[in-house]
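Each chain gets a letter, A, B and so on, in the order the sequences are listed, and its residues count up from 1. All figures in this text were calculated on a predicted structure; none of them were measured in a lab.
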Amino acid sequence: MSESDRPRHFIQQIIDEDNRTGKWGAWPDGRPRVHTRFPPEPNGYLHVGHAKSIFLNYGLAEEFGGRFNLRFDDTNPTKEDQEFVDSIIRDVRWLGARWPGMRDDDPSAGVLYASDYFQQMYDWAVELIRKGRAFVCDQTAAQIREFRGTLTAPGRPSPWRDRPIDESLDLFERMRDGEFPDGTRTLRAKIDMASPNLNLRDPVMYRIVHATHHRQGDRWCVYPMYDWAHGLEDSIEGITHSICTLEFEIHRPLYDWFIRAINDGRTEDGSGPWGRRIHHPQQIEFARLSLNYTVMSKRKLLLLVKRGLVSGWDDPRMPTLSAMRRRGYPPESLRELCARAGVAKFKGTTEIQLLEHCVRDHLNRVAPRAMGVLRPVRVLIENWGEHGPADRVEWLDAVNNPEDPAAGSRRVPFSGELFIDQDDFAETPPPKFWRLFPGNEVRLRYAYLIRCTGVEKDAAGRITALRCTYDPATRGGDAPDGRKVKSTLHWVSARHALTAEVRLYEHLFNTPDPEASDDDVPDAEGTPAAAADAARAEAWLARLNPNSLTTIDDARVEPMLADAAIGAVYQLERLGYFCVDSDSGAPASSAAGDRRLVLNRTVSLKDSWGKQQSKG
RNA sequence: UGGGGAUUAGUGUAACGGUAGCACGACUGACUCUGGAUCAGUUAGUCUAGGUUCGAAUCCUAGAUCCCCAGCCA
């Protein structure tokens with residue numbers, strides 16, 4: 001489906017309406033202003049859920065000829081780190097988003113940081129104190145919690161709520177200067193301790209944190225809270241549509257309250273006592289992406305990494321963007337996934353099959369084809385020597401991509417000793433098995449028709465080789481007498497094939513919803529309640545799929561792969577798409593035979609035979 | 001028990017008072033030098049109960065279910 005005939009989601013409709021009414025004014029080029037942003041906190045790695053937000057925000061800016069900012073919401077120095085900043089920039093760039101000031105020679109050019117606005121935020125906070133809309137509170141965290149009340153009972157005002165403005169001003173300045181230890185005081189907005197929305201019960205705007213910020217160093221001893229900071233960041237950048245996830249819906253009144261409080265006493269032309277009004281963006285909430293058979297929370301992903309249950313943040317089984325990149329998922333397929341999953345306010349779960357469909361759909365069009373066998377069985381062509389030298393090699397033409405004629409063709413070596421896949425042979429074929437079995441004739445892709453004449457076994461009865469004859473008249477794969485075969489197999493020449501390590505992946509979890517309620521997880525008899533709770537809390541770990549990774553270390557692939565670049569994705573015909581993993585050695589045509597080659601199975605091909613088999 | 005949201009085939013998403021459609025999945029069949037791809041077809045839905053209306057997924061009333069909120073996290 002093209003971008004234009006996809007139904008317009010509710011945010012596009014909001015923007016259509018805004019543009020119709022001219023709500024946000026226009027850019028210098030006359031187009032209505034649309035300015036979005038992606039505001040990650042640099043405290044972890046990005047996952048597919050973030051990709052949806054990135055594509056939504058960037059896509060909207062692109063669609064309407066607007067702008068998109070990448071801005072780090074780095075307001076909590078205790079959790080953030082430059083490592084995460086770097087990885088996030090890498091991931092957002094990989095997805096294809098563009099922002100003002102972006103450059104190829106400097107990944108971080110044009111990237112924005114909330115911490116650059118700290119002084120402005122501080123000044124506005126002072127303004128709110130002066131206006132009597134904020135105060136310094138000396139309550140401890142526990143007292144604040146106690147005074148906040150509950151979901152059903154109203155809170156009580158802090159005893160410091162009505163302290164003189166000058167006193168708050170003085171204290172706030174000294175908080176900033178580092179005079180007080182962490183946790184001793186906060187700056188709070190003076191709103192409504194009886195509000196049914198707990199976020200409005202005099203929320204904390206600043207807390208004292210003596211920590212080194214990854215960009216600001218030790219310059220600040222007070223750090224703004226999300227609710228105070230976020231709308232101001234958006235305002236400063238001129239964001240029009242501040243798009244966030246559903247859980248912030250109940251924070252929207254606060255988002256608006258803060259900006260209105262600043263604008264109180266300000267006017268459009270700056271003639272008011274507090275100067276010119278500041279920009280007031282519109283917050284819009286949508287449902288984040290969630291996928292089945294995986295988990296998406298940073299905490300859980302971190303636990304998988306910390307416990308060594310995966311090899312790292314970029315373990316190809318992880319739902320992180322770095323993992324998906326390593327696994328070979330093209331960014332275009334992620335964009336397509338997000339587009340197809342849609343944008344709405346219903347919190348649903350998208351089936352992982354949709355992602356796999358998008359990956360196959362894209363890769364089918366662009367991935368060059370190659371042949372490789374995962375579990376090799378030797379095939380001896382008995383009559384190879386009867387039609388020429390027994391050690392001869394024939395180089396046969398193979399199409400690089402049947403979906404793309406421009407991809408051209410290559411030559412693959414054929415000889416009297418080959419490998420085919422175990423799955424393609426059966427000594428006693430089950431019903432509807434069309435592949436190789438004694439007496440049957442099949443085609444070797446782009447090569448010859450062969451017929452199985454016998455099976456060689458070792459003393460233990462294991463098959464060591466298949467004896468076959470080939471029909472020299474069928475070179476290229478077609479029989480001059482017009483006879484048909486039911487099956488075409490992939491193969492490699494034993495002498496020429498490269499050995500590769502292949503990593504096969506399945507879903508990380510073996511149930512669609514690993515985070516489902518854990519009521520069905522039995523408690524061990526006699527465990528203390530606390531231990532039982534802990535066990536229950538991590539019951540999702542018990543749902544990890546023990547077969548999520550299968551490593552094959554003696555797969556054989558055609559020699560052309562010696563030069564495959566790291567990250568390149570190929571289709572191994574009839575098997576699936578495979579990506580050259582970063583654990584591989586560098587491509588080296590000179591030392592082709594020695595290259596360590598590691599392939600990740602990005603996704604298998606649809607396999608109706610396998611499906612039929614597993615149904616029994 | 002307070003407040004804020006949500007609910008349409010198995011899954012996700014359209015329809016904005018006028019024929020409930022699309023995609024993925026599943027299942028058939030055709031075709032095929034990938035049991036791939038492609039093509040054709042089948043399957044299956046408006047949370048419930050009332051009401052308004054010529055006509056309701058859409059408007060009204062009542063109820064059900066699910067999610068979010070009591071961090072000096074974001």
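- Remark: the separation of the P atoms in A40(B) and U46(B) is 28 Å, to the nearest Å.
- Only the P atoms considered, U48(B) is 11 Å distant from U8(B), to the nearest whole Å.
- Classification of R161(A) and D202(A) as a salt-bridged pair holds, one side-chain N sitting under 4.0 Å from a carboxylate O.
- As judged by a 4.0 angstrom heavy-atom cut-off over every strand, D478(A) is placed among the base-contacting residues.
- Heavy-atom nearest nucleotides on RNA chain B were determined for H251(A) and for L572(A), and the one closer to the 5' end corresponds to L572(A).
- Using a 4.0 Å heavy-atom criterion, one finds that E80(A) contacts no nucleic acid atom at all.
- Atom name C1', nucleotides U43(B) and A6(B): the rounded distance is 28 Å, in whole Å.
- Backbone-only engagement by E41(A) is indicated by non-hydrogen atom pairs under 4.0 Å involving sugar-phosphate atoms exclusively.
- For G5(B), the OP1/OP2 oxygens have no side-chain nitrogen or oxygen of K347(A) closer than 4.0 Å.
- Using modelled atom types and a 3.5 Å distance limit, the side chains of E285(A) and Q283(A) yield a donor-acceptor pair.
- Contact between the side-chain N/O atoms of R340(A) and the OP1/OP2 oxygens of C22(B) is not found at any separation under 4.0 Å.
- We find that E247(A) and R288(A) are joined by a salt bridge, their nearest charged nitrogen and carboxylate oxygen being less than 4.0 Å apart.
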